[in-house]
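What you see is a predicted model, and the numbers here were worked out from it, not measured in a lab. Just so it is clear: chains get the letters A, B, ... in the order the sequence lines come, proteins before strands, and each one is counted from 1.
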Number of protein chains: 2
Amino acid sequence: MILSNTSEYALRILSFMAKDPSRMYSAKYLIESLHISDKYLRRLMTDLSKKGFIKSIQGRDGGYIFDKSPAQISFADVIDAVEGIDKYTGCVLGFKQCSDENPCVLHNTWVAVREKFLSTVNQANLADLNFENIYKY
Amino acid sequence: MILSNTSEYALRILSFMAKDPSRMYSAKYLIESLHISDKYLRRLMTDLSKKGFIKSIQGRDGGYIFDKSPAQISFADVIDAVEGIDKYTGCVLGFKQCSDENPCVLHNTWVAVREKFLSTVNQANLADLNFENIYKY
DNA sequence: AATAAATACTACAATAAAGTAGTATATAAG
DNA sequence: CTTATATACTACTTTATTGTAGTATTTATT
């Protein structure tokens, strides 16, 4: 996968929640629907709360609900919060000094891929998805 | 980085060698030029030999030389040999049943990114690079 | 044949990512 | 105020990737 597992999970959870963005989702329901392990999902949800995407409601009948409008959350925001978008902005051959002015042998070719990736994850937001298919595992 | 470290190293080494594709390169020279650790580079070169990209010349004054024309080696070939291209062809949200016929919420958006990536790595080959800048560390 | 200088192989070590266990804390409901 | 049920926290375990060490093998040179 291009993204890390954790980014993949974060996007999977948040895009699942975006289908009905004003309701509260319990950890249990998300775990059963999306087949992500209990403790791993809970830890990730705590992280996403701290980053301001969602808020958690503790105690009996608690769960998670969006704290920010899904329309305000781009995929790039989520990836950046979870694993850092910087991972995806560097030289494909790993040369630190590579730049537009000082390009590596593959720079111009690769920039096109990178721009496509970045523009897509920046423009795609959680409210603008095709909800005809919502997978549950 | 989108690619694994090992893919990055493999591409760095092979594109470096492609500047002068008929000469032999010793491990020592590649290590010094590209700052990849001794044993790691050697093991990777052995793998690349087994995959048919290069051949090794053992014994005194040995080294590595292309076994196949760089023009015949695409970036996708190298990535596939080193870490498997399948990692980059799946659903961005990790749903195994996601397909054109049964798309996940992000499928159509993501296909554009994936196609750009795949077409680029398939078309880019080791002979068709811009050698104005060859970095050495 | 001996030597020197190179690659090949096998096993191990270090690191980072992913996943798990157990306890603590919070809160709605009765 | 007690209980049930939820999330939060801390530490540990597992797995995959990356990197290292040491020995064996190969071969040009003398």
**Q.** side-chain hydrogen bond (donor to acceptor under 3.5 Å, both in side chains) involving B/Thr6 - partner list, sequence neighbours excluded
**A.** B/Tyr40
So, is [X] close to the [N] phosphate, meaning a side-chain N or O under 4.0 Å from OP1 or OP2?
X: B/Ser37; N: D/dG19; answer: no
X: B/Lys50; N: C/dC9; answer: yes
X: A/Tyr9; N: C/dA18; answer: no
X: A/Ser56; N: D/dT7; answer: no
X: B/Thr6; N: D/dT18; answer: yes

Q: Identify whether NZ of Lys or CZ of Arg in B/Arg114 sits under 6.0 Å from the centre of the six-membered ring of B/Tyr88 and within 45° of that ring's axis.
A: no
Q. Honestly, is B/Arg12 close enough over B/Phe16, meaning NZ or CZ under 6.0 Å from the six-membered ring centre and within 45° of the axis?
A. no
Non-neighbouring partners of [X] that pass side-chain contact (heavy atoms from CB on, under 4.5 Å), sequence neighbours left out:
X: B/Ala127; answer: B/Pro70, B/Ala71, B/Asn125
X: A/Ser119; answer: A/Gln123
X: A/Asn108; answer: none

Measure the distance from [atom1] on [X] to [atom2] on [N] and round it to the nearest whole Å.
X: A/Asp38; N: C/dT23; atom1: CG; atom2: C1'; answer: 14 Å
X: B/Leu34; N: D/dG19; atom1: CG; atom2: P; answer: 14 Å
X: A/Leu41; N: C/dT20; atom1: CG; atom2: C1'; answer: 14 Å
X: B/Tyr40; N: D/dA21; atom1: OH; atom2: P; answer: 15 Å
X: A/Leu48; N: D/dA8; atom1: CG; atom2: P; answer: 11 Å
X: A/Ile54; N: D/dT7; atom1: CD1; atom2: P; answer: 10 Å
X: A/Met24; N: D/dT5; atom1: CE; atom2: P; answer: 15 Å
X: B/Lys55; N: D/dT26; atom1: NZ; atom2: P; answer: 19 Å

Each nucleotide N or O in nucleotides 10-13 of chain D that has a protein N or O under 3.5 Å away: list the pair and distance.
none

Scan the side chains in residues 42-54 of chain A for donor-acceptor partners under 3.5 Å anywhere in the protein, sequence neighbours excluded, and list what turns up.
unit_1  : atom_1 : unit_2  : atom_2 : d
A/Arg42 : NE     : A/Asp38 : OD1    : 2.4
A/Thr46 : OG1    : A/Arg42 : O      : 2.9
A/Ser49 : OG     : A/Met45 : O      : 2.9

Distances for protein N or O near nucleotides 3-6 of chain C N or O, under 3.5 Å:
none

Q) Among pairs that include at least one residue of residues 59-76 of chain B, which meet side chain to side chain donor-acceptor pair (under 3.5 Å), considering only residues two or more places apart or in two chains? A) B/Ser74-B/Asp77
Q. Is A/Val111 isolated, or which residues cluster with it under the ILVMFWY side-chain rule of less than 4.5 Å, directly or via members?
A. none
